[in-house]
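Every chain is numbered from 1 and lettered A, B, ... according to where its sequence line falls, protein lines coming before strand lines.
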Amino acid sequence: MYALVDGNNFYVSCERVFRPDLNGRPVVVLSNNDGCAVARSNEAKALGIAMGAPWFKIKHLEDEAGLVGLSANFTLYGDMSDRMMSLVAGLGHQQEIYSIDESFVNLAGIRGDLIKRSHQIRRRVMQWTGLPTCIGIAPTKTLAKLANHIAKTVERKPGVYPEHIVGHGVDGSLSQVCHLGLLDVASKQLLFERTEVTEVWGVGPRIGKQLNEAGVHTVLDLVNLDPATVARRWSVVLERTVRELKGQPCIALDHEPPARQQIACTRSFGHPVTERHEIEQAVTEFASRAAEKLRKQDHRASALLTFIRTSPFRRQDEQYSASMVYPLIRPTADSTQLVKAALTNLARIYKPGFNYAKAGVMLMDLSPASQEQLELGDWALELNEQDACTTSEAERARMIVAMDSLNQRYGKGTVKVASAGAHRTTTLRPGQPDRNQRNWQMKQARRTPRYTTCWAELAVAKG
DNA sequence: TCTGGGGTCCTAGGACCC
DNA sequence: TCTGGGGTCCTAGGACCC
């Protein structure tokens, strides 16, 4: 049995903990540059504000309906999330943190009344963090998500589900806590019949539309499909969803999720940017931050992608979008090298005369640092005096660690890479590179010699 | 002149999630 | 004027090899 616990209107609830005056009012939390709504209070949802609605289109509701728009504070939400997650973990023995506001909990081996236990956890989270939550319980993760949806809907929209099933009062009702495992077949069928198929985890707008066209409108319709047919007509992914809805677990709990396979840092500018140096500045920042995330998970990257693009929303503008991958022969987490790579890419794809709206840096082909250490050792042996940098590998490593801890302590961007000198070398990394690296190497060989950078230009930017 | 078939790897693109 | 920022997984098709 699995539980899915999630925070209601999470970002808005976090804000309300410190701004109780916002209770009962329509509130949205806005993305970077106050671009669009990424969280909505129930009151804001009732106004018909969609997820992702651009602020400039809903701003008029400030005057008309008392709507409050808040700029996001993701650091705060992250902290609140950590506290919530540690409390929720007490619900069972294993927890998978699925997103900033959601976690699955494995309830195997937990005896006693799961509903009472869930309500206790909800009360504790509320008492200790001020965050409201809902909990769905079921034999599979997909069903637990569905149960959670039902728990929220019962609370928010009375009348959607038959009253004789969802009940009233706290412990006997499906509001806030919904345990599908305890319901009889007929009741479940009724709930499924009243739930749109697009509410199912794994069914997005596209597949939803296709299902509708095939006459599948409700969860009940989907459950009743034959999995083999679904696999043939749609995909093995949707087949898994159908099986999970039937109660057959196909998606396991990841209580120790694997390290990220890629790391991205991208932003919209908020206003059209044409100046090359402005984009260079942004790309430098993105590469540095991505590198920090990379070191935090103790990995190295073997490739870096830089992209820039104009805004598809500005129809009157000529559109341009380009990206380029920079292969790193020796996997690295060194900010200087990564910034250098990002800027080299940028120089190749940047074209003057366009109104740029967005840029980003992605690190790819990540591998654990431990593996890298060995390779680093081998590589260092091959360095001859000509190739050697002014600082040693060990010094560089110490500097990176110092940089990260300063940034962590005094805030993002306290210390950053300002510029980098490049020294051409042609040393190739020995050992057995994996397939991707070999591929990168081949491409690299056709393109440019490798750059090694020095740490002489590390600059303190703030304070 | 006739022009296989199976396997693997890689990439791009599409779908989904929050 | 102003339209988020992350991620994952799967599949189809091309390139290449034997």
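A centroid separation of less than 6.0 Å is found between the aromatic rings of A:Y98 and A:F104.
A:Q319 and A:T310 share a side-chain donor-acceptor pair at under 3.5 Å.
Applying the side chain to side chain donor-acceptor pair (under 3.5 Å) test to every pair with at least one member in residues 80-91 of chain A, sequence neighbours left out, gives no pairs at all.
Within the nucleic acid shown, A:V200 comes within 4.0 Å of sugar-phosphate atoms alone, with no base atom in reach, counting heavy atoms only. Counting non-hydrogen atoms under 4.0 angstrom, A:P312 reaches nothing in the nucleic acid.
In this structure, CG of A:N73 is placed 16 Å from P of C:dG5, rounded to the nearest angstrom. Put simply, CE on A:M362 is 13 Å from C1' on C:dT8, counting in whole angstrom units. Straight-line distance from the NZ atom of A:K293 to the C1' atom of C:dG5: 8 Å, rounded to whole Å. One can place NZ of A:K296 at 14 Å from P of C:dG6, the figure rounded to the nearest angstrom. Separating the CD1 atom of A:I263 from the P atom of C:dG6 is a distance of 11 Å, rounded to the nearest angstrom. Rounded to whole angstrom, the span from the CD atom of A:E96 across to the P atom of C:dT8 amounts to 13 Å. Taking atom CD of A:Q297 as the reference point, atom P of C:dG6 lies 14 Å away to the nearest angstrom. Here the C1' atom of nucleotide C:dG5 and the CZ atom of A:R289 are 11 Å apart, to the nearest Å.
Within residues 130-151 of chain A, no residue is approached by DNA chain C to less than 4.0 Å at the level of any non-hydrogen atom. Listed by residue number, there are no residues of residues 82-89 of chain A with a heavy-atom contact under 4.0 Å to DNA chain C. Only at 4.0 angstrom or more do the heavy atoms of residues 208-223 of chain A sit from any atom of DNA chain C, so none qualifies. Contacts of residues 97-107 of chain A with DNA chain B (heavy atom under 4.0 Å): A:Y98, A:S99, A:D101, A:E102.
For the pair A:D63 (side chain) and A:H60 (backbone), a donor-acceptor distance under 3.5 Å is absent. When atom types are taken as modelled, the side chain of A:N224 and the backbone of A:L220 share a donor-acceptor pair closer than 3.5 angstrom. Within the 3.5 Å criterion, the main-chain N or O of A:P272 finds no donor-acceptor partner in the side chain of A:N355.
For A:Y320, the ring pair (Phe, Tyr, Trp, His ring centres under 6.0 Å) test picks out A:F354, with sequence neighbours left out. Evaluation of the side chain to side chain donor-acceptor pair (under 3.5 Å) rule for A:S71 yields A:D34 as partners, not counting sequence neighbours. In this view, A:T306 and A:N345 satisfy the side chain to side chain donor-acceptor pair (under 3.5 Å) rule, not counting sequence neighbours. Listed by chain and residue number, nothing satisfies the ring pair (Phe, Tyr, Trp, His ring centres under 6.0 Å) test with A:W234 (two or more places apart in sequence, or in another chain).
Between A:F269 and A:A259, the residue whose closest nucleotide on DNA chain C is further toward the 5' end is A:F269.
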Item to complete: Kindly indicate, with the supporting measurements, whether the criterion side-chain contact (heavy atoms from CB on, under 4.5 Å) is fulfilled by A:C134 and A:N8.
Response: CA-CA 7 Å; A:C134 279; A:N8 303 348; 3.5 Å; yes
Discussion item. Set out, in order, the CA-CA distance, both residues' side-chain angles and the distance that settles side-chain contact (heavy atoms from CB on, under 4.5 Å) for A:L146 and A:L245, then state yes or no.
Written reply: CA-CA 9 Å; A:L146 190 63; A:L245 285 175; 4.2 Å; yes
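Between A:A3 and A:L91, the shortest heavy-atom distance links the atoms CB-CD2, 3.8 Å. The two residues A:G90 and A:I121 come nearest to each other via the heavy atoms C-CD1, 4.0 Å. Across A:R25 and A:G66, no two heavy atoms sit closer than the pair NH2-O, 3.5 Å.
Checked for salt-bridge contact, A:E43 and A:R16 meet the test: a charged N lies under 4.0 Å from a carboxylate O. Contact check on A:E96 versus A:K141 returns a salt bridge, with a Lys/Arg side-chain nitrogen under 4.0 Å from an Asp/Glu carboxylate oxygen. Between A:R295 and A:E292 no salt bridge is recorded (no basic side-chain N to carboxylate O distance below 4.0 Å).
Listed by first residue number, the stems of DNA chain C with at least three Watson-Crick or G-U pairs below 3.5 Å are B:5-18 with C:5-18.
Here the NE2 atom belonging to A:H149 is positioned 10.5 Å from the CG atom belonging to A:L191, to the nearest 0.5 angstrom.
In this structure, A:E213 places its CD atom where more than 12 heavy-atom neighbours from other residues, nucleotides or ligands lie under 6.0 Å away.
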Restricting both atoms to N or O, compile the protein contacts to nucleotides 9-13 of chain C shorter than 3.5 Å, with distance only.
from: C:dC9; atom 1: OP2; to: A:Q261; atom 2: NE2; distance (Å): 3.2

Between the protein and nucleotides 1-4 of chain C, which nitrogen or oxygen pairs are less than 3.5 angstrom apart?
from: C:dC2; atom 1: OP1; to: A:R314; atom 2: NH1; distance (Å): 3.0
from: C:dC2; atom 1: OP2; to: A:R314; atom 2: NH1; distance (Å): 3.3
from: C:dG4; atom 1: O4'; to: A:S31; atom 2: OG; distance (Å): 3.0

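Nucleotides B:dT3 and C:dC17, compared at atom P, are 23 Å apart to the nearest Å.
A side-chain contact (heavy atoms from CB on, under 4.5 Å) with A:Q94 is found for one member of A:D254, A:N106, A:V105 and no other, namely A:N106.
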